Amino acid sequence: MKIQDLLLKDAMIMDLQATTKEAAIDEMIARYHQVGVVDDVNNYRDAILKREAESTTGIGDGIAMPHAKVSSVKKAAVLFAKSDQGVDYNALDGQPVHLFFMIAAPEGANNEHLQALSALSSLLINPDLVTALKKAQTPDEVQQLFSDAQAKKDVEEQAREAEQAAAAAPKAQEQATNSNRPYVVAVTACPTGIAHTYMAEAALIDEAKKMNVDIKVETNGSEGVKHQLTAAEIERAAGVIVAADKKVEMARFNGKPLLNRPVIDGIKKPHELIQTVVDGKAPLYTTDESTASKDDGNTKSAGSQLYGQLMNGISNMLPFVVAGGIVMALSFLIERFVGDQSIWYTFPNQIGNAAFSFLIPVLSAYIAEAIGDRPALMPGFVGGYMASQATMSILPSKSPAGFLGGLVAGFLAGYTVILMKKVFKNLPKTFDGLKPIFIYPILGLLIVGALMYFIVDPVFGMINHGITAFLNNMGTTNAVVLGALLAGMMAIDMGGPFNKAAYVFAIGAFETTQNGALMAAVMVGGMVPPLAIAIATTFWPNKWTQQERNSGLSNYLLGISFITEGAIPFAAADPLHIITSSVIGAAIGGGLTQLMHVNVPAPHGGLFVIFLANNPFGYLISVVVGAVIAGVILGLWKKPLVEKTK
């Protein structure tokens, strides 16, 4: 597939009218919908905004590359848009964006599509091409510029591949090893894998050429791993550059100088990264540490590391929670009509319970894996399993260690492996092969198992029993306060640490008690922010731009679907009004669920699982009251656009 096939002429916007980030996104998506690339505007927009929430795609130098890979995309395409006046896109360099490349990839995109997308992305680090694109006046001119740039790049790549092939010969390899020309290896990766991965690759390769440095770059993109680094190449290299926003295989770099940076640094700071490695200033990476060595203040704080490790467990656990919980909840709905002896009830109920039984072991395992890599996975699984069983303790207990015990098991397993790596780091090299096969698994299992059996399970079993008793016996007043608190937390950061903490607590309570009361509270809390924005933009239109009013309409659907993230763009633009009103409304709605004893035995689904609730009317009232209160506060509090511009 040629780049011209992706750069659709009828999709190009040569005079983008939008002046804000949200408006620019909406204008480009509308054009995609018009030419038949996207059939579900809201679905694609949600994916774009989710990617923007992770980190801006405004990469600097007047360029933005919003991108998403979702089912609503009918064919792979790249929309080129040009804004003469520039758009405040929250770019990394703080400058207005003039050139937009909105990438749309279908979920089933084949390698040909992905290769073309990566090729196009990698061209954008060419400053001459960027300058020429800013002057382009017609779609034909844009296509020709990319065609010429690709042809030039193909010639350069062929020459480089020939050079690398020559260097692979034994004699050439010896010469390269003994020469003064530095050799560096790198890995690039981004969460989506269709843009930044390949731009970072191209930037590093081009900069290395200018610096007279040999480099090989491995990419972890949507096509999978390409140009995979060999053990010999890693051994030969002076150091390693990892420019990635997702997890890559790190154990192979043990003992090498290594820089671990975000993928955007690979695009924007290739000279700095390469020079640091060549100068021997990169810190030594060792798998005996939980993360790479400290890197001039660029490593994450202890709190960020802890949150990332926890989120690794939660993100891997959520499919079990959502799928298992909803299937189990559906079985309860079916039971009302067929009874508890029918296979129509027992079949989905047992499947849901089977999925739910993996909840704590998976959580523990992937917390452990985020800390100690693969050797910690098995001890983490076993520790989590022990936390989920009431009988696996030195003391007879009425309750397992549960969710809290599972969290502790994950961190114990991870840091146990880290400790073992330090203890055995001085073993002779001949024992290196035994460490991951015998030493770490056996000792890890024994140590984690002993800690769980003698300490964690007995202690947290009693704590879990106390929490369960409190939740089952708390009065209405306590329930209302707790429901309001959890629902309010859901609206504070709309997907961030507070939101996740509240959601995880509700899941833990649901898993322990099989009572969905707190699930009802957090679900209402998550629905209120987008619904409040939808209400405010509908009934106070003079306080919002046309693009904001259009976006507000989509929040009706996002809200009832329990997709809180639909409110993020509004909260980012006006955090005081949006977050304050949302927290008030969410807390009131969450408190109402407990006042009316609403129980929703499903961990996701919003209003679409209303008929699974024991009190559907109470559930609906809680959502409506919370959303209306938040929407009215927001609508009355926010100043009209006319006053805002004075």
Side-chain angles (χ1 to χ4, degrees), residues 325-326 329 332-333 336 403 466-494 498-536 556 559-562 564 567 579-636:
I326 289 180
F332 297 145
L333 180 63
R336 300 178 187 177
F403 206 81
I467 292 174
T468 303
F470 169 75
L471 292 174
N472 287 332
N473 299 307
M474 65 180 174
T476 301
T477 301
N478 289 335
V480 169
V481 171
L482 182 58
L485 175 63
L486 293 175
M489 289 174 64
M490 292 292 292
I492 289 176
D493 51 8
M494 304 176 189
F498 283 98
N499 176 285
K500 289 294 186 292
Y503 187 62
V504 166
F505 182 85
I507 289 173
F510 183 35
E511 189 271 340
T512 300
T513 66
Q514 297 299 304
N515 185 315
L518 295 183
M519 288 309 312
V522 298
M523 203 114 63
V524 169
M527 287 189 277
V528 164
L531 288 175
I533 289 167
I535 291 169
Y556 281 112
I560 65 173
S561 302
F562 187 44
T564 317
I579 294 176
T580 303
S581 57
S582 295
V583 169
I584 293 171
I588 292 172
L592 283 175
T593 63
Q594 306 307 292
L595 186 65
M596 293 186 283
H597 305 289
V598 179
N599 184 322
V600 180
H604 209 287
L607 281 182
F608 292 102
V609 296
I610 189 170
F611 293 109
L612 301 178
N614 66 323
N615 183 358
F617 182 72
Y619 185 38
L620 179 62
I621 287 295
S622 300
V623 173
V624 171
V625 170
V628 168
I629 289 175
V632 170
I633 291 174
L634 177 59
L636 294 175

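If you're wondering where the values come from, they're calculated on a predicted model, not measured in any experiment.
- Rounding to the nearest 0.5 Å gives a distance of 8.0 Å between OG1 of T593 and CG of L518.
- Nearest heavy atom pair, residue A491 against residue I579, reads O-CG2, 4.2 Å.
- The minimum heavy-atom distance linking A586 with A487 is given by the pair O-CB, 3.1 Å.
- Across P529 and G525, no two heavy atoms sit closer than the pair CD-O, 3.2 Å.
- Taking N614 as the reference, nothing meets the side chain to side chain donor-acceptor pair (under 3.5 Å) condition, with sequence neighbours excluded.
- Interatomic distance, CD1 of I610 versus CG of L620, reported as 4.5 Å (0.5 Å rounding).
- The minimum heavy-atom distance linking V600 with A613 is given by the pair CG2-CB, 3.9 Å.
- A donor-acceptor pair is defined here as one N or O able to donate and one able to accept, closer than 3.5 Å; no such pair exists between the side chain of Q594 and the backbone of A484.
- In terms of heavy atoms, G618 sits closest to V598 at C-CG2, 3.7 Å.
- Y503 is listed as a side-chain neighbour of M519, based on a closest heavy-atom distance under 4.5 Å.
- V524 is listed as a side-chain neighbour of V528, based on a closest heavy-atom distance under 4.5 Å.
- Within the model, atoms OG1 of T564 and CE of M490 stand 5.0 Å from one another, a figure rounded to the nearest 0.5 Å.
- Within the 4.5 Å cutoff, the side chain of V504 has heavy atoms near those of the F403 side chain.
- I535 has its side chain out of reach of V632: every pair of non-hydrogen atoms, C-beta onward, lies at least 4.5 Å apart.
- Listed by first and then second residue, the side-chain hydrogen bond (donor to acceptor under 3.5 Å, both in side chains) pairs that reach into residues 515-528 are N515-N599, sequence neighbours excluded.
- Here the CZ atom belonging to F608 is positioned 13.5 Å from the CZ atom belonging to F562, to the nearest 0.5 angstrom.
- At a threshold of 4.5 Å between non-hydrogen side-chain atoms, the residues V609 and M523 count as touching.
- Not counting sequence neighbours, N615 has no partner by the side chain to side chain donor-acceptor pair (under 3.5 Å) test.
- The residue from I629, I633, L636 that alone fulfils the side-chain contact (heavy atoms from CB on, under 4.5 Å) condition with S581 is I633.
- A distance of 12.5 Å separates CG in L333 from CD1 in I326, rounded to the nearest 0.5 Å.
- Summarising the geometry of Y619 relative to A520, their closest heavy-atom pair is CE1-O, 4.3 Å, with the distance given to 0.1 Å.
- For the atom pair CZ of F505 and CG of L482, the computed distance is 5.5 Å after rounding to the nearest 0.5 Å.
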